[in-house]
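In what follows, a structure is listed as structure tokens, so that the remarks can point back to it.
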Amino acid sequence: MAMAKSAVISLTIMALFGASVAATTYTVGDNAGWTTQGKVDYYSWVDGKEFKVGDTLVFKYNNAMHDVHEVTEADYVACNAKASIKHHISGSDAITLNAPGIYYFICGIPGHCQAGQRLRIEVESDGSPGASPSAAPGQSPTTSSTSSGGSASTVPPGGGSGSTPPSSSSALLPYSLHTFLAAPGMLAVLLAGFA
């Protein structure tokens with residue numbers, strides 16, 4: 001009987017915290033970072049990686065020579081940074097992937113995108129019931145970004161022209177985890193029932 005209680009407690013804890021530890025942080029370009037130097041192949045860098053909702057991309061670069069623009073598919077293909085969804089300039093930008101879909105990033109310095117300094121990634125759902133749907137075709141999904149000296153911000157798909165951002169980033173959490181975080185004593189009450 002004690003073994004059964006231990007198993008139930010362990011499974012409950014794993015269910016409550018399982019989704020929160022699954023996020024991965026990726027440094028774009030690995031040790032080379034976000035650059036045109038060394039001929040980094042960002043198409044190959046993506047190979048073998050499975051990006052999930054909640055993962056973070058970190059763009060590390062010399063901000064005197066590069067920047068990061070989150071763009072639509074059309075602007076990605078055209079290497080057009082003039083109408084970007086979000087522009088990052090810190091040199092160490094952390095961008096959290098908040099929705100499944102395809103994300104597009106380019107360097108806005110003339111010639112850099114054409115030289116291959118661009119990134120296309122596909123983000124899969126994390127499988128939680130609260131995950132939001134993919135953005136409409138031609139739009140980039142919602143992201144949060146934190147730059148050094150900056151604060152987190154949310155960008156609605158399409159860059160904010162008539163779009164409504166999600167009501168809360170907690171909408172991406174599984175219901176059980178969200179409930180647990182809202183009521184910290186819940187686990188104690190649950191576990192007390194097995195005592």
Side-chain angles (χ1 to χ4, degrees), residues 17-128 131-132 134-135 137-155 157 159 169 172-173:
F17 291 107
S20 66
V21 296
T24 303
T25 299
Y26 296 95
T27 300
V28 175
D30 297 323
N31 291 335
W34 184 241
T35 184
T36 54
Q37 302 294 317
K39 303 288 184 186
V40 178
D41 183 355
Y42 295 104
Y43 299 105
S44 296
W45 179 81
V46 171
D47 287 345
K49 293 177 177 62
E50 292 183 17
F51 300 100
K52 304 265 188 211
V53 170
D55 287 350
T56 300
L57 298 178
V58 177
F59 289 83
K60 292 185 177 186
Y61 55 94
N62 178 340
N63 66 353
M65 299 177 69
H66 304 287
D67 60 9
V68 178
H69 291 264
E70 182 180 349
V71 296
T72 65
E73 179 181 18
D75 287 338
Y76 173 82
V77 171
C79 286
N80 178 20
K82 291 179 182 168
S84 61
I85 296 167
K86 183 74 178 171
H87 184 205
H88 307 274
I89 59 171
S90 77
S92 183
D93 304 309
I95 301 171
T96 302
L97 307 169
N98 287 333
I102 300 174
Y103 291 77
Y104 302 95
F105 301 95
I106 64 173
C107 180
I109 305 302
H112 289 199
C113 176
Q114 293 85 346
Q117 194 176 6
R118 60 183 172 172
L119 178 68
R120 176 196 180 276
I121 62 164
E122 189 165 346
V123 177
E124 300 172 7
S125 172
D126 65 357
S128 68
S132 59
S134 296
Q139 294 181 330
S140 189
T142 303
T143 60
S144 285
S145 62
T146 306
S147 302
S148 62
S151 61
S153 62
T154 302
V155 179
S169 61
L172 297 176
L173 296 174

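When a residue number appears, it is its place in the shown sequence, counting from 1.
Side chains of Leu119 and Tyr104 form no contact here, defined as non-hydrogen atoms less than 4.5 Å apart. Counting only heavy atoms from C-beta outward, the side chains of His87 and Asp67 approach each other to under 4.5 Å. In this structure, Trp45 and Val28 have side chains that are in contact, with non-hydrogen atoms separated by less than 4.5 Å. Counting heavy atoms from C-beta outward, Tyr42 and Arg118 have side chains that stay 4.5 Å or more apart. Side-chain contact check for Lys86 versus His69: every heavy-atom pair is 4.5 Å or farther apart. No side-chain heavy atom of Glu124 sits under 4.5 Å from any side-chain heavy atom of Val53. Side-chain contact between Phe105 and Val71 is absent, with no heavy-atom pair separated by less than 4.5 Å. Within the 4.5 Å cutoff, the side chain of Tyr61 has heavy atoms near those of the His88 side chain.
Cysteine sulfur proximity is not satisfied for Cys107 and Cys113, their SG distance being 2.5 angstrom or more.
The distance from the CD atom of Gln114 to the CD1 atom of Ile109 is 11.5 Å, given to the nearest 0.5 Å. In this structure, the separation between CG on Leu97 and CD1 on Ile121 is 4.5 Å, given to the nearest 0.5 Å. Rounding to the nearest 0.5 Å gives a distance of 9.5 Å between OG1 of Thr24 and CZ of Phe51. Expressed to the nearest 0.5 Å, how far NE2 of His112 lies from OG1 of Thr36 amounts to 4.5 Å. The distance from atom OH of Tyr43 to atom CG of Asp47, rounded to the nearest 0.5 Å, is 12.0 Å. Put simply, CD on Glu70 and CG on Asp75 are 11.5 Å apart, with the number rounded to the nearest 0.5 Å.
With sequence neighbours left out, Glu122 forms a side-chain contact (heavy atoms from CB on, under 4.5 Å) with Ile102, Arg120. Every residue meeting the side-chain contact (heavy atoms from CB on, under 4.5 Å) condition with Val58, not counting sequence neighbours, appears here in chain and number order: Thr25, Thr27, Thr56, Lys60, Ser92, Ala94.
The heavy-atom pair separating Ala23 from Gly54 by the smallest distance is CB-O, 3.3 Å. The two atoms that bring Pro100 and Ser125 nearest to each other are CB-N, 3.8 Å, heavy atoms only. Taking every heavy atom of both residues into account, Ala32 and Val40 meet most closely at CB-CG2, 3.4 Å.
The aromatic rings of Trp34 and Phe59 lie perpendicular to each other, with more than 60° between the two planes, well past the 30° mark.
Summarising the local packing, CG of Asp30 is surrounded by more than 12 heavy atoms from other residues, nucleotides or ligands at distances under 6.0 Å.
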